[in-house]
K.L.:
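Here it is, the structure, as structure tokens.
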Amino acid sequence: MADSEVLFTITKDNLETGLRGVPVGYCTTSNVDPLLGLFYSGYPIDKLAYNQPEEVIYLLFNGEMPNPEQLADFKKQLIAHSKLHPGVIANLKTLPKEGHPMKWFLHGLNLMGMYSGEDDYVKDGMNVVAQLPELVAAIYRIRSGWGDTIASNPELGYIENFVAMLNPPNATKDLLLLMKVFNVLHYDHSGGNLSTFVGKAVASGLEDMYGSLMGAMAALAGPLHGMANQECLRFLKTALETVNDPTNDDEVNKYIDDLFAQGKKLFGFGHAVLRVEDPRATVQYDLGEKIAPDNKIFRMAVAMRKLGTEFLKKQPKVSSPYPNVDAVSGSLLTSVGLTDENYYTVLFGMSRCVGIAAQIIYERRDARGGKGTPIIRPKYLYSGPKR
Ligand code: MLT
């Protein structure tokens with residue numbers, strides 16, 4: 001492709017559309033094809049979903065799958081960088097429990113930067129990825145009254161250690177498997193999703209990795225982005241207050257019709273880019289049939305997958321009538337014992353910081369022949385009063 005090739009022509013119709021479809025740069029970690037879904041470094045996500053999390057993190061940071069020696073070495077590095085400063089946990093213990101867990105997560109990232117920031121995107125990126133499991137497990141345990149925090153034992157493995165530090169009271173045997181798959185599925189989603197774009201924009205002003213990830217995670221916390229997983233579980237639970245049997249199509253169809261008659265919407269459908277079912281959702285529906293086949297909330301999610309999609313396909317203005325990643329993730333998390341949906345966006349964030357950190361490192365260290373991308377500064381057309 002010639003550097004001068006026209007990729008997109010901006011007209012006034014493109015203004016105030018959230019930059020939909022407007023190319024702004026390169027993403028070296030992942031891409032989202034409207035019809036094929038998400039790829040990490042050229043591998044389709046459904047082929048990576050059951051790989052070891054450490055392998056996939058390595059892939060996103062290096063662009064290649066590790067060989068066994070590289071993987072062993074990378075695991076050693078993650079262990080070496082995994083010690084969260086004790087001041088972070090001490091400070092978290094003083095926070096108001098009323099605050100949403102995402103506010104705690106933002107605070108935790110800020111504390112990590114204050115105690116341990118090295119002002120080096122690569123070193124800070126490695127530290128933050130290695131220490132996120134301890135941060136998130138601490139947020140869960142301190143807030144939810146499960147008892148004191150549990151010491152980190154990184155030798156167990158990246159997510160094995162996370163699950164051991166979390167140790168929820170009613171966990172099922174499938175918690176570990178689900179956490180691994182959930183973690184891998186949420187690492188990255190190309191360059192233009194809101195949190196990633198915001199993280200890179202903050203870093204373009206040369207704010208450090210921690211501050212940039214805080215900006216990114218504040219963006220993730222909105223219900224139109226990462227907090228959609230929390231809202232989707234609430235939607236399914238609310239549906240079950242009316243629908244007795246989610247395997248009864250007539251009952252579910254009536255619920256959907258009534259919902260629309262009241263001007264309400266289905267949660268977990270549609271995507272800014274995808275025009276097929278999100279393959280991250282497909283992986284989770286398949287996993288749910290193995291680990292939660294009789295869970296009523298999962299059955300409701302499956303009913304919505306079929307009947308919600310059929311309903312939305314009949315609506316003239318809906319361009320993307322298919323379930324996205326959030327449509328089903330909460331039903332699986334709740335089935336393995338993580339029943340409080342307020343934490344779901346933090347789990348998403350713990351994972352997504354991996355891809356964002358990798359993309360920030362590319363933009364700051366590698367882009368434009370090593371010069372890095374310039375500070376983000378798009379143009380706005382003035383439309384206020386003229387005097
Ligand atoms: C994501 O994973 O970030 C969401 O699907 C949103 C997006 O890609 O815009």
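Ligands are counted one by one from 1 in listed order, and the atoms in each one are counted from 1 as well. If you're wondering where the values come from, they're calculated on a predicted model, not measured in any experiment.
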K.L.:
I'd like to know if Lys290 and Asp286 make a salt bridge, using a cut-off of under 4.0 Å between side-chain N and carboxylate O.
P.N.:
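Result for this pair is no, no salt bridge flagged.
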K.L.:
In plain terms, say whether Asp208 and Lys123 are close enough for a salt bridge, that is, a side-chain N and a carboxylate O under 4.0 Å apart.
P.N.:
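No salt bridge links Asp208 with Lys123.
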K.L.:
When you check the gap from the basic side-chain N to the acidic O, do Arg234 and Glu231 get nearer than 4.0 Å?
P.N.:
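Looking at Glu231 together with Arg234, the answer is yes, because their closest N to O distance falls below 4.0 Å.
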K.L.:
Please determine whether a side-chain nitrogen of the Lys or Arg among Lys76 and Glu155 lies less than 4.0 Å from a carboxylate oxygen of the Asp or Glu.
P.N.:
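Answer for the salt bridge query: no.
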K.L.:
Are the charged groups of Asp249 and Lys306 less than 4.0 angstrom apart, N to O?
P.N.:
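Result for this pair is yes, salt bridge flagged.
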K.L.:
Which protein N or O atoms sit under 3.5 Å from any N or O of ligand 1? Give atom names and distances.
P.N.:
residue  : atom  : partner : partner atom : Å
ligand 1 : 2 (O) : Arg280  : NH1          : 2.8
ligand 1 : 2 (O) : Arg352  : NH2          : 2.7
ligand 1 : 3 (O) : Arg352  : NH1          : 2.8
ligand 1 : 5 (O) : His189  : ND1          : 3.4
ligand 1 : 5 (O) : His271  : NE2          : 2.8
ligand 1 : 5 (O) : Arg280  : NH2          : 2.9
ligand 1 : 8 (O) : His189  : ND1          : 2.6
ligand 1 : 8 (O) : His271  : NE2          : 3.2

K.L.:
Rounded to the nearest 0.5 Å, how far apart are NE2 of His225 and CG of Asp326?
P.N.:
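The distance works out to 9.5 Å.
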